[in-house]
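In the text below, chain A, chain B and the rest are named by the order of the sequence lines, each starting its count at 1.
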Number of protein chains: 2
Amino acid sequence: MPSGTRARARAETTRAILDEARRQLAEQGAAALSLRSVAREVGMVSSAVYRYVASRDELLTRLIIEAYDAVGERAEAARDPQAPPREQWRAVWRAVRAWALEHPAEYALVYGSPVPGYAAPAETIPAAGRVAMVLAAIVAEHGDPAAGRDWPAVVRADVLPAVPPALVTPAVGVWTQLYGTVGFELFGQYENVVDDREAYFDAVADAAATAVGLPARRAGRPGS
Amino acid sequence: MPSGTRARARAETTRAILDEARRQLAEQGAAALSLRSVAREVGMVSSAVYRYVASRDELLTRLIIEAYDAVGERAEAARDPQAPPREQWRAVWRAVRAWALEHPAEYALVYGSPVPGYAAPAETIPAAGRVAMVLAAIVAEHGDPAAGRDWPAVVRADVLPAVPPALVTPAVGVWTQLYGTVGFELFGQYENVVDDREAYFDAVADAAATAVGLPARRAGRPGS
DNA sequence: CCACGACCGAGAGCACTGCTCTTGACGAGG
DNA sequence: CCTCGTCAAGAGCAGTGCTCTCGGTCGTGG
């Protein structure tokens, strides 16, 4: 049985290491993250942090999971199930974009090109799907299957069980578009191209909503 | 005036360095690219390569430009201006995907998250636009401006002068979608999600063609 | 209550990296 | 022919990930 005192101290040190690592990640990016400098900042010698983190890769894995969870939480919090479908949709999209703009290095770590020699381990998978699940829930509840009639069924049916089969493929498409758009903005591809980034992003989100058959915004108030 | 013999030897050594660097990039990714190991493989000592390449960053910059040019060339070659618009479109999309699948590390270098501390210098800009120009040419020639009526005008009009103003914003959107889709496939996001990658990709390409108002594929032969 | 043993931090060390500076040789141009 | 620019080589600095060993400390089982 863990000792209590011992375990608490250990948890605190681990937290300090992870926090400092995330700080450095945010400031200089993933490749510049050095175990030695984390150790220095935390006040240990480099070999000591290996008692808490097996390797630099494992440190990155932990940061990846925390990042997935953070953006997933934001997306979940942004969704108001009472609001009209398209408003829910836009809120979630905006939440992902906002988080990405606030945490560019973490976003790059998670959705950018993988660090060479590093393959995302299996334990990242559940955390990775949280945003997708939020979007899928909106599609499942309000999507019109007719919107998917031009799409072939090339996606595994079981990945989004709640979504009407006809909408699964376009849903994957718009999921891709969300991250593609955020990534392009974040990595500077829209520099000197897109003027009003917010308006552009909202327009893409709206087109995506249409692609998965969310009902058009009504002029009157909903529920009439 | 350059000496001729001298200049030729210099050009050959430079090529050997760049080739070996690209080989290592392809095998182990950008972060694993080491100037020292390039030097070893080329048969020089590490300090000697600094006569040809100012720094590791400059080496990466050169590789980026070569990669942009390679994929741009492929895209240009894939387009047959005589073919029906949607066929041109699909051929270019497929060319980009094929190149990316053949050169994943180079694709990641160019379109993935930027290497930290590294800002793409200005000399990469012209090469970067080649694929976009090919797609823009198709849109300019065959796109129906009516397809852009739901899009706000939030993109600088001068980036794609040949494209009808109403289509500029959706064109940027589908340009994003191309790289988002290729990137997701390449970086493993479609693992256990998308079964038939080719069919999925073609479907996305076709939806994109519709978004920029390319005429629907006719049943009869064109030109009747 | 106390000794044992798990745990932990420190330090040295290995192999590697990017980059700089100095030294010596070679060969093309004046 | 001889000078001077160009080039390869080597040593060296500061940094990295990671391993191993050595003492000390502190919680826990007897």
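- Straight-line distance from the CG atom of B/L35 to the P atom of D/dA8: 14 Å, rounded to whole Å.
- As rounded to whole Å, 18 Å separates atom C1' of D/dT19 from atom CZ of A/R56.
- A salt bridge does not link B/R62 with B/E66: none of the charged nitrogens is closer than 4.0 Å to a carboxylate oxygen.
- If B/S37 and A/A48 are placed on DNA chain C by their nearest nucleotide, the residue sitting closer to the 5' end is A/A48.
- Computed from coordinates, the A/M44 CE to C/dC8 P distance equals 10 Å when rounded to whole Å.
- A/T181 and A/Y200 share no donor-acceptor pair across their side chains, judged by distance under 3.5 Å alone.
- Rounded to whole Å, the distance from OH on A/Y52 to C1' on C/dC7 is 9 Å.
- The separation between B/Q24 atom CD and C/dG18 atom C1' is 14 Å, rounded to whole Å.
- Side-chain N/O atoms of A/R36 and base N/O atoms of D/dG15 include no donor-acceptor pair closer than 3.5 Å.
- Salt-bridge check for A/E106 with A/R74: failed, with every basic side-chain N at 4.0 Å or more from each acidic carboxylate O.
- A/L33 comes within contact range of the sugar-phosphate backbone alone, with a heavy-atom separation under 4.0 Å but no base atom that close.
- The shortest distance between the side-chain N/O atoms of B/S34 and the OP1/OP2 oxygens of C/dC16 is not below 4.0 Å.
- In this model, the phosphate group of D/dA8 is not approached by any side-chain N or O of B/Y50 to a distance below 4.0 Å at OP1 or OP2.
- Closest to the A/R10 side chain, of the nucleotides D/dA9, C/dG18, C/dC8, is C/dC8.
- Contact between the side-chain N/O atoms of A/R51 and the OP1/OP2 oxygens of C/dC8 is not found at any separation under 4.0 Å.
- Across all strands, B/S55 comes closer than 4.0 Å only to sugar-phosphate atoms, never to a base (heavy-atom distances).
- In the set C/dC21, D/dC18, D/dC7, C/dC21 carries the atom at the smallest distance from any side-chain atom of B/S47.
- Between B/Y107 and B/Y111, the two ring planes are tilted [angle within 30° to 60°].
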Quick one: side chains of residues 41-48 of chain A, donor-acceptor pairs under 3.5 Å with protein atoms, not counting sequence neighbours, listed by atom name and distance.
none

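- B/I17 places its CD1 atom 12 Å from the C1' atom of D/dC7, with the value rounded to the nearest Å.
- Nearest to the side chain of B/R40, among C/dT17, D/dC18, C/dC8, sits C/dT17.
- Atom CG of A/D57 and atom P of D/dG17 are 11 Å apart (whole Å).
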